[in-house]
Amino acid sequence: MRLQDFQMPELPEIYSRAKELKLELVGRCITSVDILQTKSLNLPEKEFVSRISGAEIRDVFPRGKWIFINTDAGWLLINLGMGGEILLHEQGVKPQKLRADLAFDDGRHLSINFWWFGYIHFAGEDELDQHKMTSRLGENALDITREQFHINLSASRSRIKSYLLDQSKIAGIGNAYIHDILWFARLHPLRAINTMDADEIERLFDAVHQGLEPSLNKGGAFYELDIYGSPGGFTSQDIKIGYKEGKPCPRCQTEITKIKTGSTSSYICPDCQSY
DNA sequence: CGGGCTGTTGACTC
DNA sequence: AGAGTCAACAGCCC
C-alpha cells in the first residue's frame with residue numbers, strides 16, 4: 001500500500017477540519033489575505049481580497065467535500081480537491097507549500113494548500129445560491145435520513161458507484177471510502193440501482209455509516225493532517241478492503257481484487273460483492 | 001526516460 | 001438521465 005494512493009479529503013476529513021476551524025476561528029477577523037495561486041479563485045484577485053479583508057468569522061461547517069466559512073462579509077468556500085492541508089500557524093511561521101494565506105487579528109494565520117485541483121471561492125452573503133459548484137450539493141452522506149435515502153435511490157437508474165460519487169445526489173463520498181462502503185453493503189460497484197431490493201438499499205444506508213463513521217471518530221485518515229499538523233487516526237489497519245489487492249477479505253478470506261469501473265478502479269471481494 | 005496511474009470537478013457529447 | 005471522454009496537474013511506479 002502506497003501513501004500516495006490516499007490523499008483524498010472526503011467527508012471524515014472535511015468534517016474534522018471544519019470542526020477544528022470553527023473551534024479556533026469563530027470571532028476572529030481576517031486582517032490580511034495573501035493569494036499565491038489566483039487560478040483557484042472564482043473572482044479576480046483584487047476583488048477577492050477586498051471582499052474578504054476585515055471580515056469576522058461567524059461559523060464554519062462542512063458540506064460534502066467543501067468547507068463553508070461564514071463571515072459577516074460573505075462566504076469563503078474551500079475545496080481541497082485531491083488532497084491538501086489547511087494549517088493554523090502562530091505568528092511568523094510559514095509552511096513551504098501554500099496556495100493562500102489568511103492572517104487573523106490574534107496574530108495567527110491559516111495556510112491553505114492543495115496539490116492542484118482545489119478551490120478557494122467567495123460568495124456574498126446573499127449570493128450563495130448563485131455559486132454553482134456548491135448550490136447543487138446533495139444532503140451530507142451522514143445526515144440524510146434512512147427514509148430519504150430510500151426515496152432518492154428509488155428515483156435513480158444509475159449504477160450504485162456512480163450514484164454514491166455524484167455529489168448532487170449525496171455529498172461527501174469519494175473514491176477512497178467507497179470501496180469499504182460497498183464491501184460493507186455486499187454490493188458490486190456496477191450494480192444497477194433499479195435492480196436492488198429493499199433489503200439491499202437498507203444495507204447500503206447502513207454501510208455508508210459503517211464506512212465513514214470510524215474515520216470521522218478518529219479525526220479522519222492518516223494521510224491528511226489536522227489544522228495543527230497532526231495526522232488523522234484512521235489508519236490502513238482500519239481499512240477493510242480498499243487498496244488491499246491480493247489480501248484476504250476480512251469476512252470470507254477470498255482474495256481482494258482490483259477491477260476497472262468506468263474511469264476509476266474499484267477494490268472488491270469477488271465473493272461477497274457479486275455482480 | 002517516459003508512459004501509466006491516481007484523485008475531483010465541470011464541460012461536453014451521445 | 002446517465003454514461004463516456006476530456007482537461008486541468010504533481011508525483012510516484014516500473
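Protein chains get the first letters and strands the later ones, always in sequence-line order, with residue 1 at the start of each. Quick note: numbers below take in every heavy atom, side chains included, and nothing from hydrogens, waters or symmetry partners.
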>> Tell me whether Glu200(A) is salt-bridged to Arg191(A), with the criterion being a basic N under 4.0 Å from an acidic carboxylate O.
In response: yes
>> If the threshold is 4.0 Å, N to carboxylate O, is there a salt bridge linking Arg251(A) and Asp271(A)?
In response: no
>> Would you say the base of dA8(C) stacks on Trp116(A) (centre-to-centre below 5.5 Å, plane angle below 30°)?
In response: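 Check failed, Trp116(A) does not stack on base of dA8(C).
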> Looking at side-chain heavy atoms only, is the closest gap between Phe184(A) and Arg203(A) below 4.5 Å?
Replying inline: no
Which of the following nucleotides, [options], is nearest to the side chain of [X]?
X	options	result
Phe117(A)	dT8(B), dT6(B), dG10(B)	dT8(B)
Ser158(A)	dA1(C), dT9(B), dA3(C)	dA3(C)
Met82(A)	dG2(C), dT8(B), dG10(B)	dT8(B)
Ser263(A)	dT9(B), dT5(C), dA8(C)	dT5(C)

Is any side-chain N or O of [X] closer than 4.0 Å to OP1 or OP2 of [N]?
X	N	value
Ser162(A)	dA3(C)	yes
Asn79(A)	dT9(B)	yes
Lys65(A)	dT8(B)	yes
Thr264(A)	dT6(B)	no
Lys260(A)	dT6(B)	yes

Between [N] ([atom2]) and [X] ([atom1]): distance, integer Å:
X	N	atom1	atom2	result
Tyr223(A)	dA10(C)	OH	P	22 Å
Arg99(A)	dA10(C)	CZ	P	8 Å
Leu164(A)	dT9(B)	CG	C1'	17 Å
Tyr119(A)	dG10(B)	OH	C1'	7 Å
Trp66(A)	dT9(B)	CH2	P	8 Å
Tyr243(A)	dC5(B)	OH	P	15 Å
Lys39(A)	dA8(C)	NZ	P	8 Å
His131(A)	dT9(B)	NE2	C1'	12 Å

>> Which label fits Tyr275(A) and His188(A): parallel for a plane angle under 30°, tilted from 30 to 60°, or perpendicular past 60°?
In response: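 Ring orientation, 0 to 90° scale: parallel.
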>> Does the plane of the ring in Phe68(A) sit parallel, tilted or perpendicular to the ring in Trp75(A)? Use 30° and 60° as the thresholds.
In response: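 Rings of Phe68(A) and Trp75(A): perpendicular, over 60°.
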> For Ser266(A) and Lys161(A), which heavy atoms make the closest approach, and how far apart are they?
Replying inline: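 Minimum heavy-atom separation between Ser266(A) and Lys161(A): OG-NZ, 2.8 Å.
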Please classify the nucleic acid contact of [X] as base, sugar-phosphate, or nothing, using heavy-atom distances under 4.0 Å.
X	answer
Gly118(A)	nothing
Glu10(A)	sugar-phosphate
Lys97(A)	sugar-phosphate

